[in-house]
Structure formats: structure tokens, C-alpha cells
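Lettering of chains follows the sequences in order, A, B, ..., and the numbering in each one begins at 1.
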Amino acid sequence: MPPILEVKNLVKLYPRVKAVDGVSLSIREGICFGLLGPNGAGKTTTVEMMEGVIAPTAGEILYRGAPTSASFKLEVGIQFQSTVLQDFLTTREVLELFGSFYPKSLPLEELVEMCSLGEFLNRDNRKLSGGQKQRLFLALALVNDPKLLFLDEPTTGLDPQARQNFWRLIQSIKAKGKTIVLTTHYMEEAQVLCDEIAIMDHGRILELGAPAELLRKHFKGARLELPLTAFTPGSDFPWRFTRHPGRLDIETEVVNDTIQYLIQHNVSLSEMQVKNPTLEDLFLELTGRELRG
Amino acid sequence: MKIFFALFKARNREYLRDRGTLAWNFAFPLLVIFGFALGFSGAGRQIYKVGVVQSTGAAGEMAFLKTEYVQFIPVTDIKQALEKVRHHQFDMVLDLNGPKRYWVNETNPKGYVLERILWGSEGGVRYGKEVLTGREIRYIDWLLPGLLGMNMMFSCLFGVGYVIVRYRKGGILRRFKVTPIHAGQFITAQVASRWVLVLATTSILFVGTDLILDFVVYGSLLNLAFVFALGTLCMISLGLLIASRTQNEELAGGLLNLGTIPMMFLSEVWFSLEGSNPWLAKLAQILPLTHIVHAAREVMVEGAGLWDVMPDMVVLGAMTLVFTAMGAWLFRWE
């Protein structure tokens, strides 16, 4: 069975900038695929080429094994990072408007239930809160009951409650068998939602795979976190360590041996934390720690 | 058609629910119309106007022509002069060629006074009297077609041009682009919505102000509606052209002002360009508002039929086609 979406050697050139530089990936049906990368990595450009919003300079985009055609628009749903809707229209009217664009659309009641829109169905869309707006935008992306859903940083700017609520929504949509392509800045979000991820930088894919596999590939063992005041490792310290403001991180594959070493050196372990590496660690490892624009 | 009607309905709702803009669309022209009606009413002209048809020397020593506070204006086209008597623009026309005669409008009291002065100053010599009828054409009657045309112009250009640019800048067009709708469906719905709304607004304004100011409409209201309908379409298509690729509201505002300001002053909305520099009059001919105002004025004030204003209609039709074709060709969602 061919992947639902496949891109081969995708390139996007702008005057003086190579935004995307030979990206290839394939997305299996029914999974949530995350595209991660720092600002300016080329992830939004890549996704917009997949969506058909912008044309690639070179490369191929295949939907179910064939180049995308006019019917592609009928089978995908897109939630942009930021969208403005027509003024003075209520949630219901916006949904009806977008529903009319498709030959077949989901019943309004189903969308309302799926995205929890009931409490603001008759409210002017300009008067919705951030979380309510994102739910409405998600409902608009779902209005044609798409097979493939693109979500571009859907939880940016939401408070933790709204973000977690949104994650539950996405999980319930995924449970219906839809394929989701998600771009996000939040590593926790990718870890919670994505079955596979691609980490991009400078227009290229740096890593591609399941989050757990990638973590296993790049990190062995665990990370011990100690306050900087508790311990100053010498040059003969046998494990890799990194100093952070007020904190010392030790990476070790043999947690017991490391703890034994610290006890022998009279290091207080009362504030020590043992952590498994996260996607954020992997992200920073691959893309560096310098500030991006 | 489902998509067209959905977009049409959405745009209408947006317009009708925007109370501020809606109120301004009525308030602005009403303020101007009533302001001018008030400003130019009252005592009116302090002098009498008499059109005099005469070949050189025909007047001789006629005492009447020396009357103070009467302006004697030589005329060559008697037909045109008589129209002016009908519209109270002349209070009398005096023909001194051949058997002397004069025309007055029986509904114009100034004609009656002038007639008495003529009899008195010519020692009881009676001239042939011809009586005309016709309502006075006040300045506001002359001005109204221009004001309605100007209001249509603003409503069309800003209501379509500015709104599409706002949609583009806000990402609404981008959101539409990823749905199955075509640019043509979107554009047609915008045009249809604005066309219906502007014609409805103009009709309400016309009827509302007519009830109070009782305008002169010599021509057919259907012909007037046709002129405004085509004129509205032409202005909307110009708005589309301006908005076809413009990315931000600031540039759109500048371009729209570049279009509207010359039309406001050169399209004979406020004053006639008769006697002005010929190149100015020629420049005015390339402005669509000139043709809308001229045709509407001809119908309302002169009682012209559609055939009489056909040159204006042809120009407006051609402009509409060119603007629409260019606007559709240049249109970009983003």
C-alpha cells in the first residue's frame, strides 16, 4: 500500500534563499506525522508545498502514489497557523459557508460535537477566545471530512488548558483514521501526538523516524540533573556533562555507577533528578542552542 | 451556484451587519445632498436673466435692454434657450429677429415681472407672447445625479477594492484558495453582492431624498436605473482591477484615492467643465464617473432617452469589459 503522501527531492528557491533543499519523506496513512524545526528551518514552506498552496521549484509530491490533481483539495483539510475570517459572521455561518464549497461536507451537528463548538455557535467569530478560534479553524479543516489533515502550529499562543484540550481533539480525530501532518514548535506536543517526526533545519531533514527510535539512537541511558552548587566535576570526570544556569546535566548509560561515583565523592543527591531524554533534548542536539530569528 | 450564493450571502451579511459603514453609506450622501439643498435655497439669484436672440444691430435703441439688474445674454440656439426658460435658467427669451416676440414660463414669477417691465419700457408696444411650462431646475436638481454617482463610485471602489485587499492581507483569500472554489466564483459573488447593495442603497437614497426635496426627473426612471446599473458595474470592475494584486491596505488606499479624487473633481459632479481648458475636458472623458454623471443628468434633467445617452453607455460598457478582463487576468489569491 503506497503512503498517503510522499515527497521526493522537494526544492523551493526564493531570490537569494534556498528555503527547502531536497526534502524527501513519506507519510503512512492513519498516523500523525510531525514536522519540527527552528524558525526559518523551512518546515512551513515544505508543508505549504505539500498542501498545494505554493508550487515547488523542483521535486515531486505524490498523493496515494500519484501526482496531486484538482481532486486533492477535496480530500485534504488545512488549518493555517493564522487565519482571519470574514467579519460579522457567526461560527455557524462560517461553517455553513465553508461547507458549501465542497460537494460533500460533514453535517454541522457532527462538526459542532467533534470540535466542541456548541457554546459559541451563534457568536461573531471575531469575539471568540484563542482556544475557541483554533477549534473553529480545526472544524473548518474538517468540514469536508478529509482523509489528510494539515495542522500548522495549531496550539501556538494557547494557554496550557486550551492546548491540552486541543491535543485531546487531535487524538480523537486521529482515532477516526485520519492522517495528520503537524508542524509545531512544542516538543511536548510532538511527543504526545506524533507517531513519526522529521526534524528540519536549513531546508533539509536532519532526522526522520519514530520519536522513541530517534531518542534511542541519539541518547544512551539517562540524564542526571544536579544543582551547580552540589558538584563541580573535574577533568577526570568519566561522563559527559553540560553546565546550564544553576544546573549541571550528566549523561550516563550506567545510572547506578554514576550515582555510586557521586556518593563516593560526597555529593549531596537530595536535589538530584533522573530524567530520560526528551524530544526537546534531541531537537537542541540536532539544531543547536543558538537563538534563531 | 451553491458556492456563488454562499459567498454572495456571506458578503451581504458582512456589509449589512457593519452598522458603522452602513450608516456612513447613507449619512454621507444625505449630508451632502441636504447641505447643498439648504445652502442653495432661499432668495436665489438677485438678477433676472433674459436670453436675447438677435442679429447685429437688430436691437436698435430698445429701452428694455438697458434695464438695470437684468442680465441680457446673447443666444444663438433658440431651442436651447427655450429649454432654459422651461427649466427657469432663463426668465425670458427675447427674439429680436423678424417679428419681435418673447417667451416666458408661466410657472416662473420672474417671467411675469419681466413681462411687465418689457411692456412698460417699450411704451405699451406689445410683442408676440409665447408661453412655456416647465419646472425650475435648481442647482440641487443638477447636482443630484453627480452626488449619487459619486456616492456609487466610493461605495464600489472602496467596497470592492479595499475589501478584497483586506481579505488578501488577512489571509481570507489564502484560506479560500485551498478550498475547491475558483477565483471566478469568488469574484462574481463579490461583484454581484456589491452591485445589488449599491443599487439598493442608491434607490433608497433617491426615493428618500426625493420625498423631501422633490427632484426634477424628466426622463424615465427605468432609463435612470439602467444608467446607474451599468455605471455601478463599471465602478466595481475598476475596484476589482485595483485590488487584483494589491497586497496591503495602505497601497490600496493610495490607488483608490488616485482614482476617486480626479473623478470627484473632473467628472462634473459639482460644476460643469464647459469653458474650461480643452485638455481638462478631454481628460474627464477617460473617467467613468464623467459618463455616469453625464448620462444620469441627461436623463433626469433633460429627459433624455437611452438612445440619447448611448455614447456614454457604450463607453461605460467598454470600460466595464476591459476592467473586468484585466482584473480577472491579474487576480491572485495571495
Give a yes or no on whether B/K2 atom NZ has more than 12 heavy-atom contacts from other residues, nucleotides or ligands under 6.0 Å away.
yes

Within a reach of under 6.0 Å around CH2 of B/W195, are more than 12 heavy atoms found that belong to other residues, nucleotides or ligands?
no

When the 4.5 angstrom heavy-atom criterion is applied to B/Y15 and chain A, the contacting part is neither

Output, in order, the C-alpha distance, side-chain angles, deciding distance and verdict of side chain to side chain contact (heavy atoms under 4.5 Å, CB included) for A/K73 and B/T179.
CA-CA 6 Å; A/K73 283 182 174 179; B/T179 69; over 6 Å; no

Return the option, out of A/N144, A/V84, A/D124, A/L89, with the maximum number of heavy-atom pairs under 4.5 Å with chain B.
A/V84

B/M264 atom CE: more than 12 heavy-atom contacts under 6.0 Å:
yes

Output for pair (B/R175 CZ, A/F137 CZ), nearest 0.5 Å, gives 9.0 Å

Between A/F80 and B/V178, is the side chain to side chain contact (heavy atoms under 4.5 Å, CB included) condition met? List the steps.
CA-CA 10 Å; A/F80 288 125; B/V178 297; 3.7 Å; yes

So for atom CZ, which belongs to A/R204, do other residues, nucleotides or ligands contribute more than 12 heavy atoms lying within a distance under 6.0 Å?
no

Give a yes or no on this: more than 12 heavy atoms of other residues, nucleotides or ligands lie within 6.0 Å of atom CD of B/E250.
yes

Could you measure the distance from the CD1 atom of B/I181 to the OH atom of A/Y102? Nearest 0.5 Å is fine.
9.0 Å

Tightest non-hydrogen contact, residues B/R174 and A/V53, listed as NH2-CG1, 3.8 Å

Drop me the distance from B/F176's CZ to A/L97's CG, to the nearest 0.5 angstrom.
5.0 Å

In terms of heavy-atom contacts, B/P180 and A/L74 come closest through CG-CD2, 3.4 Å

Is it true that, when you exclude B/R13 itself, more than 12 heavy atoms of the residues, nucleotides or ligands shown sit nearer than 6.0 Å to its CZ?
yes

Taking A/D87 first and then B/R166, would you say they form a salt bridge - that is, a charged N and a carboxylate O separated by under 4.0 Å?
yes

Between B/R17 and A/E93, does any NZ, NE, NH1 or NH2 come within less than 4.0 Å of an OD or OE carboxylate oxygen?
yes

Ion pair check, B/K177 and A/E51, cut-off under 4.0 Å:
no

When rounded to the nearest 0.5 angstrom, what distance separates NZ in B/K9 from OG in A/S100?
8.5 Å

4.5 Å side-chain heavy-atom contact, A/Q86 and B/Y167
yes

Side chains of A/F88 and B/L16: closer than 4.5 Å at any heavy-atom pair?
no

Side chain from CB out, backbone as N, CA, C, O: work out which of these in A/F72 comes under 4.5 Å of a heavy atom of chain B, or both, or neither.
neither

Using the rule given for ring-ring contact (aromatic ring centres under 6.0 Å, His included), can you reason through B/F186 versus A/F101, listing the C-alpha separation, both sets of side-chain angles and the distance that settles it, and then say yes or no?
CA-CA 11 Å; B/F186 170 77; A/F101 296 164; 9.4 Å; no

Based on non-hydrogen pairs under 4.5 Å, which of A/V76, A/V143, A/V94, A/L85 is most in contact with chain B?
A/L85

